[in-house]
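We name chains A, B, ... by the order of the sequence lines, and we start the count at 1 in each one.
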Amino acid sequence: MGLKLYNTLTRKTEEFTPLEEGRVRMYVCGPTVYGHAHLGHGKSYVSFDVLVRYLRYLGYTVTYVQNITDVGHLTDDADAGEDKIGKQAAREHKHPMAIAESYTRSYFEDMDALHCLRPDISPRATGHIPEQIELVQTLIEKGYAYEVNGSVYFDVSQWPGYGKLSGRSVEDMQAGARVQVSEEKKHPADFALWKKAEPGHIMQWSSPWGRGYPGWHVECSVMSMKYLGKTIDIHGGGIENQFPHHECEIAQSEAANGAPFVKYWMHHNMVTVDGQKMGKSLNNFITLKQIFKEGHERLSRTYDPLAVRQLILQSHYRSPIDFSDAALSAAQSGYDRITEAVTGVRKQKDKAPAGAADAKITEQLAGAVEKFVAAMNDDLNTSIALSVLFELVKTANQVLGREETTAGTLEAIDGMFRRLGGEVLGIVKEEYPQAAGGDERLLDHLIGMMIEQRRTARANKDFSAGDKIRDQLAEFGIVLEDKPGGVTTWRRK
RNA sequence: GGCGGCGUACCCAAGCGGUCUAAGGGGACGGUUUGCAAAACCGUUAUUCGUCGGUUCGAAUCCGACCGCCGCCUCCA
């Protein structure tokens with residue numbers, strides 16, 4: 001049984017078969033870079049990162065494209081609105097491109113911290129203006145779009161498939177329209193492909209229809225086609241983009257190409273904070289940087305990026321997730337438990353007696369892989385996949401307590417941690433800082449000296465002196481642990 | 001107004017017709033270990049899955065009603 005994914009288009013969980021054997025073309029809607037990435041971005045990109053990692057684990061060659069939206073579009077589809085990037089540029093007294101640049105870097109920094117693999121291609125919207133104009137032109141030529149007053153709109157009445165992704169009919173939309181409909185449109189559901197630039201609009205380009213800028217759905221269509229082809233395997237994004245964004249993408253792409261746009265549409269659910277919706281316009285959002293190092297009034301402390309990743313993976317990508325200090329704290333504890341088991345295994349590996357892996361353990365590991373793969377195949381059940389990792393942690397800790405444990409056994413367990421926990425889930429690191437770089441080595445030596453002093457004191461039954469050393473180190477976030485056999489180890493709290 | 005989701009132990013969360021007297025994590029409480037800690041290990045912590053009905057030999061899982069949360073429909077991940 002192979003991988004099954006829930007396809008929003010068909011509303012069913014389907015067997016995944018790529019268009020081309022062994023190869024997957026995948027596009028995920030990227031961020032608009034006018035601010036630091038927040039928890040919502042975290043959930044989104046961790047979810048799809050795991051998909052990419054798992055597809056690769058299964059042996060597929062994946063081409064992963066994720067755009068960077070560096071041109072703010074409209075505040076809505078109905079009026080000229082404000083350019084989000086332009087607005088931020090005015091606020092920071094910088095050029096819009098400087099805003100886009102600095103937040104793009106910030107975004108990658110945060111994604112790296114979350115162990116999200118970089119996409120193969122991160123195309124910028126502003127780098128694809130000619131292609132976007134071309135698409136609009138094609139749509140006009142084919143009779144799917146019309147120009148009014150320097151703006152171009154998609155003519156929904158010419159495209160009967162409109163609404164197939166979100167399950168809406170054009171009539172419903174007309175009835176439920178809450179936004180002021182532009183008078184330029186023939187039909188309220190028509191959407192902008194190209195907008196005429198208002199005098200103050202900084203980001204604008206020349207087009208056959210005069211100075212203007214692209215509508216907010218065109219870039220994804222264009223960049224997806226350019227780098228992945230007319231029809232791709234997977235297009236991912238947030239559930240809030242199902243409509244109108246993805247619906248419009250389908251309409252304009254399929255109308256222009258006469259070919260299906262996407263085989264599998266995947267949508268992840270939203271994030272709440274303390275039980276409430278988190279949105280940019282609500283100003284109650286927590287940025288990743290705040291969680292990782294700056295702090296936030298709703299948080300009692302900062303958290304490890306990978307603890308955040310773990311929290312995200314603890315629930316299903318199609319379920320909403322509520323971030324709270326308690327949830328983060330629990331995830332941090334769980335993450336620490338995994339980390340300690342892994343580092344414990346790696347340290348012990350070098351000291352353990354040589355020998356082949358224990359047969360029972362080998363069997364257990366094989367069972368773990370089976371369970372893990374079955375869970376991931378079931379529309380990425382990362383919650384169960386994680387539970388497999390925790391079972392592995394238990395096994396590792398049990399084995400670590402035994403003297404007869406061989407290097408082979410530990411090697412086998414470590415291999416499993418690396419493959420399932422590292423390669424696929426991305427929460428087990430290749431290397432942990434302790435005993436790695438120069439500063440860490442120095443630190444290890446210094447703490448080693450303290451440990452030695454404490455050992456001497458304790459040997460002389462001077463426990464208060466020994467405890468003092470332990471307490472002092474604790475103030476700097478260093479925890480000492482006396483292991484069986486008189487060995488003392490240290491770790492960061 | 002339209003559409004969709006959710007309600008499982010103290011908290012988070014998986015489960016989607018029998019293997020459920022319901023994974024996993026956090027927390028709490030016992031025990032082992034320890035000079036004391038910490039960590040780890042062992043054990044305990046839902047005979048029950050919002051409520052009430054129904055379908056079925058059998059339901060947390062399907063159907064209906066009700067109660068309570070939440071999200072989308074507007075740039076947003």
Taking 4.0 angstrom as the limit, do [X] and [Y] come out as a salt bridge?
{"X": "Lys289(A)", "Y": "Asp110(A)", "result": "yes"}
{"X": "Lys468(A)", "Y": "Asp462(A)", "result": "no"}
{"X": "Glu363(A)", "Y": "Lys360(A)", "result": "no"}

Ring center gap for Tyr107(A) and Tyr45(A) short of 6.0 angstrom: yes
Mind calculating the distance between [atom1] ([X]) and [atom2] ([N]) to the nearest angstrom?
{"X": "Phe323(A)", "N": "rG71(B)", "atom1": "CZ", "atom2": "C1'", "answer": "16 Å"}
{"X": "Asp49(A)", "N": "rA77(B)", "atom1": "CG", "atom2": "C1'", "answer": "15 Å"}
{"X": "Leu480(A)", "N": "rC36(B)", "atom1": "CG", "atom2": "C1'", "answer": "14 Å"}
{"X": "Asp378(A)", "N": "rU61(B)", "atom1": "CG", "atom2": "P", "answer": "19 Å"}

Look at the side chain of [X] against the base of [N] and say whether a donor-acceptor pair falls under 3.5 Å; ignore hydrogens and angles.
{"X": "Ser387(A)", "N": "rA13(B)", "answer": "no"}
{"X": "Arg470(A)", "N": "rC36(B)", "answer": "yes"}
{"X": "Asn269(A)", "N": "rG5(B)", "answer": "no"}

In whole angstrom, give me the gap between the [atom1] atoms of [N] and [M].
{"N": "rC69(B)", "M": "rU74(B)", "atom1": "C1'", "result": "23 Å"}
{"N": "rA46(B)", "M": "rC12(B)", "atom1": "C1'", "result": "15 Å"}
{"N": "rU55(B)", "M": "rG30(B)", "atom1": "C1'", "result": "45 Å"}
{"N": "rG18(B)", "M": "rC42(B)", "atom1": "C1'", "result": "32 Å"}

Counting only side-chain heavy atoms from C-beta out, which of [options] sits nearest to [X]?
{"X": "Ser333(A)", "options": "rC41(B), rG26(B), rC76(B)", "answer": "rG26(B)"}
{"X": "Lys277(A)", "options": "rC76(B), rA23(B), rC36(B)", "answer": "rC76(B)"}
{"X": "Asn241(A)", "options": "rA23(B), rA77(B), rG24(B)", "answer": "rA77(B)"}
{"X": "Ser319(A)", "options": "rG24(B), rA14(B), rA77(B)", "answer": "rA14(B)"}
{"X": "Phe390(A)", "options": "rA14(B), rA37(B), rG25(B)", "answer": "rG25(B)"}
{"X": "Phe243(A)", "options": "rA14(B), rC73(B), rC36(B)", "answer": "rC73(B)"}
{"X": "Glu240(A)", "options": "rA23(B), rC76(B), rG35(B)", "answer": "rC76(B)"}
{"X": "Trp216(A)", "options": "rC36(B), rU74(B), rA38(B)", "answer": "rU74(B)"}
{"X": "Glu391(A)", "options": "rG15(B), rA23(B), rA77(B)", "answer": "rA23(B)"}
{"X": "Ser383(A)", "options": "rC42(B), rC72(B), rA14(B)", "answer": "rA14(B)"}

With a non-hydrogen cut-off below 4.0 angstrom, is [X] in contact with a base, only sugar-phosphate, or nothing?
{"X": "Ser315(A)", "answer": "sugar-phosphate"}
{"X": "Arg455(A)", "answer": "nothing"}
{"X": "Gly238(A)", "answer": "sugar-phosphate"}
{"X": "His268(A)", "answer": "base"}
{"X": "Val271(A)", "answer": "base"}
{"X": "Glu340(A)", "answer": "sugar-phosphate"}
{"X": "Gly275(A)", "answer": "sugar-phosphate"}
{"X": "Ser324(A)", "answer": "nothing"}
{"X": "Arg337(A)", "answer": "sugar-phosphate"}
{"X": "Glu481(A)", "answer": "base"}

Does OP1 or OP2 of [N] have a side-chain N or O of [X] closer than 4.0 Å?
{"X": "Asn397(A)", "N": "rA39(B)", "result": "no"}
{"X": "Gln276(A)", "N": "rC69(B)", "result": "no"}
{"X": "Lys394(A)", "N": "rA40(B)", "result": "no"}
{"X": "Thr69(A)", "N": "rA77(B)", "result": "no"}

Are the ring of Phe463(A) and the base ring of rG35(B) both nearer than 5.5 Å at their centres and tilted by less than 30°? yes
Applying ring pair (Phe, Tyr, Trp, His ring centres under 6.0 Å), name anything that partners Phe16(A), two or more places apart in sequence or on another chain. Tyr60(A), Tyr264(A)
Looking only at side chains, do [X] and [Y] share a donor and an acceptor under 3.5 Å apart?
{"X": "Thr126(A)", "Y": "Asp70(A)", "answer": "yes"}
{"X": "Asp190(A)", "Y": "Tyr162(A)", "answer": "no"}
{"X": "Thr405(A)", "Y": "Gln348(A)", "answer": "no"}
{"X": "His267(A)", "Y": "Thr8(A)", "answer": "yes"}

Derivation of the ring-ring contact (aromatic ring centres under 6.0 Å, His included) call for His187(A) and Tyr153(A): CA-CA 10 Å; His187(A) 186 285; Tyr153(A) 297 96; over 10 Å; no
Do Arg346(A)'s NZ or CZ and the ring of Tyr432(A) fall within the cation-pi criteria of under 6.0 Å and 45°? no
For residues 105-116 of chain A, which residues have at least one heavy atom under 4.0 Å from RNA chain B? none
What one should report as the nearest heavy-atom pair of His246(A) and Cys29(A) is NE2-SG, 3.2 Å
Arg491(A) side chain vs Glu340(A) backbone, donor-acceptor pair below 3.5 Å: no
Here the helical stems involving RNA chain B, each at least 3 consecutive Watson-Crick or G-U pairs closer than 3.5 Å, sorted by first residue number, are B:1-7 with B:67-73, B:10-12 with B:24-26, B:27-32 with B:40-45, B:50-54 with B:62-66
Could you say whether Ala330(A) or Lys371(A) is positioned toward the 5' end of RNA chain B, judged by the nucleotide with the nearest heavy atom to each? Lys371(A)
